[in-house]
Amino acid sequence: KAGVTQTPRYLIKTRGQQVTLSCSPISGHRSVSWYQQTPGQGLQFLFEYFSETQRNKGNFPGRFSGRQFSNSRSEMNVSTLELGDSALYLCASSLSPDTQYFGPGTRLTVL
Amino acid sequence: GESVGLHLPTLSVQEGDNSIINCAYSNSASDYFIWYKQESGKGPQFIIDIRSNMDKRQGQRVTVLLNKTVKHLSLQIAATQPGDSAVYFCAGPMGGTSYGKLTFGQGTILTVHP
C-alpha cells in the first residue's frame, strides 16, 4: 500500500505571496492532519479534515487554511506569506481516530 | 496544561548497545501513545504505538513501556545500529476533542557510534 505523498517537496516563495500544498493520504484513510515543524517550535498542529469537514484547528492565524476533497486528498493554503512561515509542512493520514502516518513533508522557504 | 515532554534532548550510544528514550506526559485521558523516528530531511516514521490499557508492547527490536501511575513511557531499542541514529518523538492525543491532533514532545536526538 502506498504511503502518504506530498507535493511539492520543496518550495521557495517571497513574502506576500501565497502557496498551496497538496497531500494524498494512504488509501482508505479519511482523516488528514497538517502540522508545521520548525526548529524553534517543533511539531505544531494546524488542522484536521475528515470527510471534507474540518473537525479540529490549531492556534494558527487565518492565513492558514485547508480543504479536503471527496477522494480524501487535502490541500493547505498559506496566504500573505511571512518569513516566519518558513518550515517543513507535514501531512499525516489515519483511520480516525488512530495512529497517524506521515508523508515526507514540503519544505517551504520564504525569502 | 497538556504536554508531552522528554527527559533528555540527546542520547549517544555505541553500536550494539541497548538504547532507552524516555517521555513524560501530563494528560491521563490519552487513549494511545506513539513513537516516531525522524531522519534528517524526512517526515516522522511510525515505530510503534501502545494503547492506554496496555503496559508493554514489543516490536522488531523495539519495546515500549507505559507507566500510567507516573505518566511515563519509554522506548527501548535493542542492539542499536548506526541506522537508528535519528530524532525520536513521543506523541499522543491529549484528551478532549482532539480529532487528528497529536501533541509531540521536543524530541531526543539519538546518535549511534560504530
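Letters A, B, ... are given to chains in the order of the sequence lines, protein chains preceding strands, and every chain is numbered from 1.
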Pair A/Gln17, A/Thr14 - check side-chain hydrogen bond (donor to acceptor under 3.5 Å, both in side chains), show working. CA-CA 6 Å; A/Gln17 288 187 310; A/Thr14 56; 3.2 Å; yes

Against chain A, label B/Gln45 side chain, backbone, both or neither, depending on which of its atoms sit under 4.5 Å from a heavy atom there. neither

Taking every heavy-atom pair that is under 4.5 Å apart, which of A/Gly3, A/Gly42, A/Pro104 has the most such pairs with chain B? A/Pro104

For the residue pair A/Glu48 and A/Ser31, confirm or rule out a side-chain donor-acceptor distance under 3.5 Å. yes

Is it the side chain or the backbone of A/Leu88 that comes within 4.5 Å of chain B heavy atoms, both, or neither? side chain

Do you know which two heavy atoms are closest between B/Gln38 and A/Leu90, and how far apart they sit? NE2-CD1, 4.5 Å

Verdict with reasoning, B/Lys37 to B/Val87, per side-chain contact (heavy atoms from CB on, under 4.5 Å): CA-CA 6 Å; B/Lys37 170 187 178 183; B/Val87 180; over 6 Å; no

Are A/Phe64 and A/Phe47 close enough that their ring centers fall under 6.0 Å? no

Contacting moiety of A/Gln44, where chain B heavy atoms sit under 4.5 Å: neither

Name the region of A/Arg107, side chain, backbone, both or neither, that has any atom closer than 4.5 Å to a heavy atom of chain B. neither

Would you mind checking which part of A/Tyr49 comes under 4.5 Å of any heavy atom in chain B, side chain (CB onward), backbone (N, CA, C, O), both or neither? neither

Going through the distances and angles, do A/Glu75 and A/Phe69 end up as a side-chain contact (heavy atoms from CB on, under 4.5 Å)? CA-CA 8 Å; A/Glu75 289 181 347; A/Phe69 302 93; 3.7 Å; yes

Given a strict heavy-atom distance threshold of 4.5 Å, which part of A/Phe102 is in contact with chain B: side chain, backbone, both, or neither? both

